[in-house]
Each structure stands twice: as structure tokens, then as C-alpha cells.
Amino acid sequence: MERTVDWLVVIPLAPLLAAVINFLFGKWWIRHRAHWIAVPAVGVSFLTSIVAAWTVLSRHERLHQPLYTWIRAGEFHVPVELVADQLTVVMLLVVTGVSFLVHVYSIGYMHHDPGYYRFFAWLPLFVFSMVMLVLANNFLVLFVFWEAVGLCSYLLIGFWFRRRSAAEAAKKAFVVNRIGDFGFALGIMLLFTSLRTLDYHAVFEAIPQLSSGTVTAIALLLFTGAIGKSAQLPLFVWLPDAMEGPTPVSALIHAATMVTAGIFMVARAHPIFLASPIALWVVAVIGALTAFVAATIATTQFDIKRVVAYSTVSQLGYMALALGVGAWIPAMFHLLTHAFFKALLFLGSGAVMHAMHDELDMRRMGGLKRWMPLTYWTFVIGAAANAGIVPLAGFWSKDEILVGAWVGGAPLLALVGLVAAFFTALYMFRAVFLTFHGQPRFDPHELHPHDPPATMAVPLVILAIGAAVTGFLGVPPETGWIHHALEPVFESATHHKVSLSLTLGMALASTLVALAGLWTAHAAYVRGTISPAAVAERLGPLYRLAANGWYFDVFYQRSVVRPLDAAANWLWRTVDVGIIDGAVNGSARIVALTAQMWRRLQTGLVANYALAIALGTVLLVGIYLAFGSTLFR
Amino acid sequence: MSLQVLIFSLLACVSILGALGVVIARNPVHSAIGLVLSFLNVAAIYLIARAEFLAVVQVIVYAGAVIVLVVFVTMLVHPDDLPEFHGRRPLRIVTGLVLGVALLLEVAAAVLTRSLSGAPGPWTDEAVAAVGGNTQALGQTLYSDYMLAIQLTALLLLAATIGAIVLARPEAVSERVAAARRTLTISLAHPRGLDQPERPPALPRPSDGQVKPAGSGRPIVLARSANEFTEQPAWGEWRTP
Amino acid sequence: MTELSATHFLLLSAALFIIGMVGVLTRRNILVIFMCIELMLNAVNVSLIGFAWELHQLTGQVFALFVIAIAAAEAVVGLGIVMALTRRADTVDIDELRQLRE
Amino acid sequence: MDWQRLLVSYFVGFVLLNVLLGLMAYMTWFERRVLARMQHRVGPNRTGPFGLLQPIADGIKLLAKEDIVPANADRLVFLVAPLLSFALAPLGAAVIPFGESLHLFGLEIPLLVADINVAVLYVLALGSIGVYGIILGGYASGNRYSLLGALRSTAQVISYELVLGLSLVGVFILAGSFSLQDILREQQRVLVIGPLTLPNWYILSQPLAFALFLIAAVAETNRAPFDLPEAETELVAGYFTEYSGFRFSFYFLAEYINMIVVSLLAGTLFVGGIDGPFADGVWWLALKALFFLFFYVWLRATLPRFRYDQLMGLAWKVLLPLALLNIGLTGLVRLWGIGAL
């Protein structure tokens, strides 16, 4: 069932207008009133999304709105059309809802920033791009806005561009994402050359005609894009560095929305992946490894935002694992719950930073519970949800992923996931205990931590409620509300029968694992029965491996950046300066030498030049009269 | 000889006399008067050739604006003693005259031995009268066949206006800014605008004003925000060096 | 020569043009040279108008109009340069302005 | 060549010139009387009834005075400059239509000297030539005050002439012609809008242009409050400081003739010229011109003088943009066919 409507465009248009207005008039005119434009615009977008979601989910029909034809060249035909189905509206709700809360939060957080208007121009621009990405109906439009969100991410990571580290982080995010996007673009081109269309529906219907090799290539190339954007294993290095951006940006872009674009894209293109078991297997393995590796790294970090960032990478790994084992709905379910609790964690750490005057190191915090009870409780809810403690959101979705992996024919990967879950609980509660418990490790006379103002507190509370209850959208497992809602999208996917005993067993196992992590963290950082230093000592190389992010950055630095640098240097010093400049300078020198001889003619007297012109005219006319005309003949 | 030729010859003679006055007069203002005289007579000749609009434009633009501007500048340049340097370069005068006479002879020979050959165009007197007169006919041609040329000319005039304003400006703002830069060091004191992620150790907070002498006696201006010294200047104050 | 024809216009044009040219060649005051250039431009207009009249064309008038517009632009910029020159070098004698040599 | 026509034109021109000169003389009387009444004085009332012979007495006095030429003046230019001003002033009246043609002695006598295609531009061209009288006079005096006054005046007149010309473009667009007769003919049409019956005077369709024209015309004729070139307090008397006797009177009278011509022009361009209720005719034009002349005097009695930079700023920063706006609006209206009303 499909219905054409004309109000769908409001969802992207409102934030776009806000962005344009703030960008054009922000600097001179709007300045510190910028949020009066951005926040209502995103609010309108959110309300429209609710209407769209209600329409789609209650009537089981797809909405679409043709806008215009972007490219029309021969058979290459790209219409820009907004389409909203069940998958889309779930994403829309997440994107606009979290965006709205983050916008409200930013009013307080960015209050004294000189680039206030700039922030409120780029944030709505991001919302626009993300919404368009979600609403796209073909791969090219998807790709364009895929790049657009990358651009917004770049702009916002480098928001404090005067700080060198921020500029570098922005550049890194941009370059690393380009690697993934390169593969993505190749995938789209391959898709077009083999099917002559990019429209979702047409592509999915035509997939069975393709050879399995082509489909695998397409699927793997598309997944390359997802690896870059969703920070999967080899290319996750940009996400922790992206924490240089303002915290609301981290919460919105680098936790809740943009990084999940890769997951969304794979889910959107699930018919392609379903046609290629190899690709699915690659997705699952990469996802599981990412979940595990990032979780171990997070355990060793002391920067509170980096802990949360690695946690994001880890959770994205879970989602990829779910996609790979064919548990599409659990993947989207986890995306939904993750958006809530991870945005909450980021905003919570933002509140801590705000209170601690931009302090990020957990070793210089401690005991904050006393001064910031609201932040503490919301943060604990987020942490518990992330760690998968019953009955918070994370528990239900993560559990479903593990069950899906078990029955999807990858029990080993499910076990890896369980181990990662232990680390998840460990690092999350490590962060909570280091930050909020124990004695303050800063000077309370100099710093006076306090709970944030209302504009920041209200989003925290709303997100905390969301993190606590969204899990029940998926209760009872396999037949919850979310499953019914998303069923029509994934009807082509195979369904596994899940026995009740397995569900219960897995739930019990993961709860025990999470509690073990919690207990370990408590023992190490509250009671002190385990000395973290001693453990680190004992583990030695393993600890250093994790603490240095598994040496991915070092590896890239040595194997990619330095050789490229050296090559560029060689090109500059030898080829450019030596050969090209040499040739240019040489010819210039020859000209200069000859010019030295000619310059005697250059008297600098305008009169002489005029005389020369006149003389030339007389001569030319004379020559013409004498030889060119019939005057003397 | 018809009356038309008589009038034409009269006007042409005065016009040439005016032109000679331009070259011969020692005083630039007298030159300008000669030029105006020449131009007015040429305008009258345009009337004979049925180019009424151009005649009026000739008077308004050439005589009324360009030459007035020249006279204006002449007076602005040296209001008291207008320089009179005619010649003192006999060789140049002789060369110029010889070249002039040569060219005149050549052109006269060419013009007098030739007659005009070319297909007459559509704009006979009747055709011009039919569309309402010379101005209307010219307008129709200008805004149909020469639309692009008109727009380019408009652009050229705009560029010339801007160029003249820039040339005639007494003092550039950039020079003032450069002068300030030579004596002041501008530093950013905003914590988020700094290179290090940590907050800088207790920056001097001048309570009594913005300027505080630094070690070498060079004053340091502390910016209160990162944008304070990077803000675009107001319109009209900016000029690239 | 009894009837008015384009030849008359051309002769007048040639005379004016050559007077202007001689002026440019012999005078030293940059302002007078400037006026002589205007005279030469005007001479060109005379011939254009003459052709237009003889051939019943408007193209000549159109071109004359453009010449006038360009002359106005040239005057504005040229006089701006003269102002800047006098402010900088304090002279309007072209024999003293020899920067073109460098 | 139609000799008869030429003669008739010459005759009309002769009559017109003499009427203008007489009017100009009595304009001085009119101004002094009105000014005096406004300042609670009596004004000239001794020479003849109501002082009506005062202008004649003044004229005799000025003609009889010594004609002084300063020692370091540029003699020839000094002598010619006021003549230039004076000679050019009445020429503008040549294109103003004073009514339909008259039939006398079997001859058709048109009530205007010359009907030329570019009449309004011709008047503007005269104005731009008129500048030379001022600038050359100021320069030739060999006096710093005169030169400064001349420079100021030139800059002012050029600037305001631009505004004057541009303010008229709206009228040209509506009338589709530069010819004053065409413009007049257009205005003699009757405009019927619903129950209203209005004359098609351009003051109704071009009010902004009319205001701009009025302001620019006052500045163009160097009258108060734009009489900077002759500001006694700053420049002694501006460009005619060194002039005396009848040469001074030439400048003086040229100003008054210019006022009359501009008033006639305003009357023709904006308020329908000879068009009026009951019976069209030259009396209506005279009445309208008289009102504008009164307006001139009224302004002089009321407003203080502008400062120089304010004067130039007004022209370039206020009036010129307004004139351009008016052109754009008129063009759009015409383009959309509303001008066909």
C-alpha cells in the first residue's frame, strides 16, 4: 500500500531553513538568538515525524512524496523522492527526537560560545542531511546525503577549529570516512552498471538475476561504506578522535544518528546482503570483533568521552553482528535503544564536563555524586542500560542479538558477544565509579560542581526515561511491538524459531555476565579489593595493547601516513622544485637575459610610446595605400 | 552648394578651430573650452545627420560631464598655478606635426578617391519616423540586437565607478590596520580558542583595561572572545592590501 | 561635393582625429593629453555617424553610443589615476612620470 | 527648407524671449514682496505703485555701474562666462508648449518655438552646459573664494542633474517619448477609475519622481536651501564675488530665468501644463508656474542652508537611490501592463 502525501517534505525542510537562516544572518543579526530558530525547526520536524510514524505504523502503508527529477541523462534517471516505510519512520523518530533533545541541551551547553550561531547553523544542517538520507528512495540520493552528513560531522568535529587537535580530528574523520565512501561509491557504480537502476525497489526486485559473485562484490563494497561510517573494525579510529567536537555533537552525530547510518544502510539493502551468504558472514565477523576489541579498549581509557566513544564503537559492532547473522529486527531494535542510552551517556558526560570546567580525565574527578545527584542518577541509568542490566533498554536488545547469533548459526560469535558484554559492564561501571563515587580527586575549593541548568537537565531526564523504558518495545522477545512494526520491511528475511528455553537461558547468561562485570568494577574502584594497577601489571602486553587502541593508529601512521608523507615530500623536493621549477625558472632566466638587452628601448616616457604608436599607424596606412589598395594603380 | 553643406562646413570649421585650440592653448582650462566648443559643434553636426539622441547625449555626457570633470580635476590638481609646459621639446613637436600631416594626407587621399559602397540599411527617414523618431528607433535596435553589449557596457561603467572610487580614496583602512599591527600583538584569551586542550595557567586578566604591557614593552591586546579580532569589518572599511 | 555625403563627415573626422593625435604627441600636461584622447574618440564617432546617416543604418549610432559610454568610463578612471598621481608624485607632467621604465 | 516656418518660429521665439525677460525682471519684485510679507516687512513700495517700477530702477542702476576686471583674472574667460550663463538660460523655454497652434493672417502659428524629439533631454543638456558659466566664472576671477565656490557649485549641479534626469525617467517610461508635446498629450487624457474621473497628470502616477524633481530643480538652480555656491558666510559670494555691474546682473538674472524655465517645465511635465478645468490654455500653465515660483520663494524664506557634505550626501545617498527605485518600480508596472490605465 502506498500513499502520496505532500507534507513529508516538512521534515527535512524545516531544519534546512533554520540552517540557511542562521548561516546567512547569524553572524551579524541573530547571534545569541540562534536557538530560537533552530530548536523550533527541529521540533516541527520531530512532530511531523511523529505524524508520519503514526500514519505508517497504524495504517500499514508507505508514504511517498515526489519532489523533482535531479538527473535526467539517457537511461540514467534520478528522481528525488521522499519515501517513508516502517524502517524509515523508526529511524526518523530516533533522528529527529534525539536531535530535538540535543538541540535543547545545546542551548545551555554552548551558551557562552562565540560560534553560537555557527553551531546552530550546522546542527540543523546535519539534521536535514540525516533525514534526507533516511527518506531517500534510491542509492544515489542516499550516497549524496551520506556524504552530506559526513561533511556536517567534519564541520562539527572541527567546530573549535582554532584548537589544533580539533582540526586534526576533523581531518582524520574526513579522510578515514573517504576510504569507506570510496568503496561505497564503487558499490553503487557496480550496482548501476549491472542493473541500470538505483531505485531501491527496482534493485531489490532485480537482485536474483545477478550472479552470486557480483552480488557478493556489491554487498561487500556497500559494507565498506558502512565500515567507515559506522566505525567498524579496521576503520573505527576516527570515532574516538571525533570527541574533539562539542559534546552535544558527540551525542547526536557520533552516538545516536550518523554512525548508525551504516547499520541503517545495510538493513535497508538487506535483500542484497541476503543474496550473498559470504557477505553476511563477513559482516557478522567484523561486527563481533569490533564489539570485542572496542570493549577491551574502553576498559583502559581514562578520558570519560573516549570511554563512551569506544563503547559506541562496541555497540555498533553488536548491531553489525546482528545484521550479519540475519537478526535484522534486533539490529534495528538495538539501534533504537542505543540511541537513547548513548545520547544520554554523552550528554551526561557533557554535564560533568560543564561542571568541571572542561575537565575530561576521570582520574581528576570522583565523588561527584554528592554535588550532581541528577546527573549521577541519569548517568547510572544510561550506564546500566548500556551494560545490559535488567530491565533497562540495553538488556532486551542486546539479549536478542545474542539469541539471534546463537540460532543464526554462529554460536561462537554469540560467545564473543557475551565476553564483550562482560567488558561492557566493566568499563561502564568503571566510568560511573571513577566519576561519581569515592573521594574527590580535585580541589573542591576551586571547582564547585553543580547540576546543569534546566535546558540541559530536561533532555537528560527525558533520555533517561527513554533509556529505561524503550526496551519494553521489544517485550516479549521476538513478538514485541517493534517486531510487529518492522515485520513488513523484513518479510523476505528468514525467520528462526527461537525456543523459550534458549531465550531464558541467554537472558540469564548475559545478566550473570553483566553482573560479573559490575561486581568486578565495584571491587576494583569502590571497595579496592582488586587493584587495577596490579591487574594491568600482570596482564602487561595485553593491557598495553588495549590501552593503545590495539595499535591501529600506530599501524596506520607507519604503514599509510608516513609512506604517503615521504612520497609527497619526494615529489615536492625532487619533482616539483627540481624538475618543474627548474624548467620554469630556466626559461624565465633566458627571457630575463634577452629582456636585459631589450630594456634600453623602454624609456618610461609615455610620449615616446605614443610616438611609436603614431609612427606605426602612419606606416601601416601608407603600406596599405601603396600595396593593398588600387590608389596608385 | 546646398544649404546643408554650407551649415555643415560652418560647424565643421568651428569644430576644427576648437580642436586646434585644445592643442595650441597653453592653459589647460582654455584647452577645455576649445574642446567644449568642438564638441558642441560636433553635436550640431549630429543633428544634421538625424542623430538627435546622440547629439543630446554628446552634449550631456561629453560636454556636460566628461569635460566638466576634466576642468574640475584641472582645478583640483593645482588650484593656484596651473602648469604651462607646452613644448620645450622642439624635436618632439616637429615629429608629431610631420606624422600628423603624413597621416592626414594619407587618409585624405584614401577618402577622396573612394566613394562609399554598401547596401543601404532599412532605417530610412520614413522608417525612423514610423517608429516615433530617432530615439525610439535607436532604443529598439539597442535593446534587441545589442542587448548583451548594453549589459556589458553597464558592467563596465560599474567597474569604472568602483575603480575611480578606489583610486580617489584618500587613505586606505588597511594601512591603518597595518599600522596597528606593527605596534600591537593580538592574543586570544578564550580557553576554547587555544592550542592546548588544558586550560592555560592563569592568564593575566587586566581589570583596568584591555591593554597590558608585556615583557619587551610591546603591549598585548587580550581578546575577550575568539571572534573579537577576526570579525569581518563593517562594510566599506575593508580593502585588501 | 555639392551634396552632403559621408565624405564630408570622414574628412572632418580625419581632421579632428589628427589634431587630437598631434596633441597627444606634442603636449606634456597629462590633462591636455587626456582631452586630446577624448577628441580622437569623438572623431571616430563623427565617422560612425556619417556612415550611419549615409547608409540608413542605426549600427553606427549604436556604436557611437558605446564609444561615448566607454569614453565616460575611461574619463572617470583616468581622472582618478591623475588624482592619485598628483597626490603621490605631485606632478601632471608626463615627462616626469617614468615609473613605466621599471 | 521651409522659410516660412522658420520665420514663424523665429517670431514666436522672439516674443517668448521678451516675455521671459520681462517676467524675470518682475520675478525679482515678486520675490522681494513675498519674502517681505513672510518676514513681516513691507518690501519695495516706493518706486511706482506697489514698488512696481523697482526692477526697472534696479536694472538701470546695475547697467550704469563700473565693470571691474580683477588684475590677475583670465581676462577673456572672465568676460565671456556670465554671458554664457545668461545666454543659455532662456533657451530651455524654446521647447515648452504653450498651447495649440494659433491661426492668424492665414498662417498656422504653433505656440512653441521648436518641437524636437528629445525636448526634455535638450533642457537637461542646456543645464549641463550652463555649468560652464559658473565654473569658468569662478576660475577666471583669479580668486580663491571664487574658485572654491565654483568647484562646489559644479559638484552640486552635476550631482543634482543626475537626480533630475533620473527622476524624469519614470515620466519617459509612462509617456514613451522625450517630446514635451507627447508628454503633454498623454496628460490631457482623462483617467477613469471606477467612479473617479481624474486628469492623467503625472504627479498622480509619479509622486516620488515629482518630489525628486522638485528638490533637484531647486538645487540645480542654486536656490535656497541649496544655495551653497553663493554662501556669503563661508565664501563671500561664491563664484561671482569679483563680478560687478551688468556682468553680475547677468548671473543674477540667469538664475531667475532658470527658475522660471524650471517652473514651466515642472508645470508641463507633472501637472498637465496647459491642461486644466473649464478651458485649456496658457493661463493654466502660467498659474502652475506661478505656484512653483512662489514655492521657491517660500522655501527661501523658510529653510536654513544645508551643510556642504549633507548636500552631497543627500544627492548620492538618498535621492539617487530613490530615483533608481522609482525607475525600477515604474518599469515593472509598465511591464505588467498596469501602466496602460
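Computed from a predicted structure; not experimentally measured. Throughout, a chain's letter reflects where its sequence line sits, starting with A, and its residues are numbered from 1. The analysis underlying the following values was restricted to heavy atoms, covering all of them including side chains, and did not include hydrogens, waters or symmetry mates.
A distance-only check finds a donor-acceptor pair linking the side chain of C:R27 to the backbone of B:V23 [under 3.5 Å].
When all heavy atoms of C:I19 and B:A19 are compared, the closest pair comes out as CG2-O, 3.5 Å. B:A12 and C:L12 get closest at one heavy-atom pair: CB-CD1, 3.7 Å. Here the shortest heavy-atom pairing between C:A73 and B:L156 reads CB-CD2, 4.1 Å. Here the closest heavy-atom approach between residue C:Q57 and residue B:P122 is recorded as OE1-CD, 4.2 Å. Taking all atoms of both residues into account, the shortest heavy-atom contact from C:W53 to B:A49 is CD1-O, 3.3 Å. Taking both residues in full, the closest heavy atoms of B:G100 and C:I18 are given as O-CG2, 3.3 Å, listed atom of the first, atom of the second, then distance.
When each of C:I49, C:L58, C:L41 is scored by its heavy-atom pairs under 4.5 Å with chain B, the top score falls to C:L58. Of the listed residues (B:C13, B:G163, B:A51, B:G34), the greatest number of heavy-atom pairs within a distance under 4.5 Å of chain C belongs to B:A51. When the candidates B:L142, B:V22, B:V107 are compared by the number of heavy-atom contacts under 4.5 Å with chain C, B:L142 comes out ahead. Per-residue heavy-atom pair counts under 4.5 Å with chain C were compared for B:A154, B:A127, B:G96, and the maximum is reached by B:G96. Counting heavy-atom pairs under 4.5 Å between each of B:L103, B:I67, B:L97 and chain C puts B:L103 at the top. Chain C forms the most heavy-atom pairs under 4.5 Å with one residue out of B:L54, B:V66, B:T141, and that residue is B:L54. Counting heavy-atom pairs under 4.5 Å between each of C:N42, C:V22, C:V77 and chain B puts C:N42 at the top.
Neither the backbone nor the side chain of C:S5 comes within contact range of chain B; no heavy atoms are under 4.5 Å apart. For C:E74, no part lies near chain B; criterion is any non-hydrogen pair under 4.5 Å. With a 4.5 angstrom heavy-atom cutoff, B:I48 touches chain C via backbone and side-chain atoms both. Only the side chain of B:N134 comes within contact range of chain C, judged by heavy atoms closer than 4.5 Å. When heavy atoms are compared at a cutoff of 4.5 Å, B:A159 does not approach chain C at all. Looking at C:I81, both its backbone and its side chain come within 4.5 Å of chain B, counting heavy atoms on both sides. For chain C, the nearby parts of B:S15 are the backbone and the side chain; heavy atoms of each come within less than 4.5 Å. Both the backbone and the side chain of B:L99 come within contact range of chain C, each with at least one heavy atom under 4.5 Å from a heavy atom of that chain. Using a 4.5 Å cut-off between heavy atoms, B:A32 touches chain C through backbone and side chain atoms alike. When heavy atoms are compared at a cutoff of 4.5 Å, C:L25 approaches chain B by way of both its backbone and its side chain. Contact annotation for C:M35: both backbone and side-chain heavy atoms come within less than 4.5 Å of a heavy atom of chain B. Both the backbone and the side chain of B:V70 come within contact range of chain C, with heavy atoms under 4.5 Å apart.
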Note to self: Set out, in order, the CA-CA distance, both residues' side-chain angles and the distance that settles side chain to side chain contact (heavy atoms under 4.5 Å, CB included) for B:F53 and C:Q61, then state yes or no.
What the structure shows: CA-CA 9 Å; B:F53 184 72; C:Q61 295 192 16; 5.9 Å; no

Checklist line | Audit row: C:L65, B:Y146, side chain to side chain contact (heavy atoms under 4.5 Å, CB included) steps and yes/no | finding: CA-CA 11 Å; C:L65 202 63; B:Y146 295 92; over 6 Å; no

Next item on the list: Could you walk me through whether B:V111 and C:L11 pass side chain to side chain contact (heavy atoms under 4.5 Å, CB included), step by step?
Entry: CA-CA 7 Å; B:V111 169; C:L11 283 179; 4.2 Å; yes

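Contact of the B:L104 side chain with the C:F17 side chain is not registered, since no non-hydrogen atoms from C-beta on lie closer than 4.5 Å. Contact of the B:L138 side chain with the C:V62 side chain is registered, since non-hydrogen atoms from C-beta on lie closer than 4.5 Å.
If you take CZ on C:F66 and CD1 on B:I150, they are separated by 4.5 Å, rounding to the nearest 0.5 Å. Rounding to the nearest 0.5 Å places CG of B:L69 at 5.0 Å from CG of C:L79. The distance from atom OG of B:S31 to atom CD1 of C:I33, rounded to the nearest 0.5 Å, is 11.0 Å. Put simply, CG on B:N27 and CG on C:N29 are 9.5 Å apart, with the number rounded to the nearest 0.5 Å. Between B:S38 atom OG and C:L39 atom CG the span is 5.0 Å, to the nearest 0.5 Å. Atom OG1 in B:T153 sits 12.0 Å away from atom CD1 in C:I68 (nearest 0.5 Å).
Side chains of C:N45 and B:Q58: no donor on one and acceptor on the other come within 3.5 Å.
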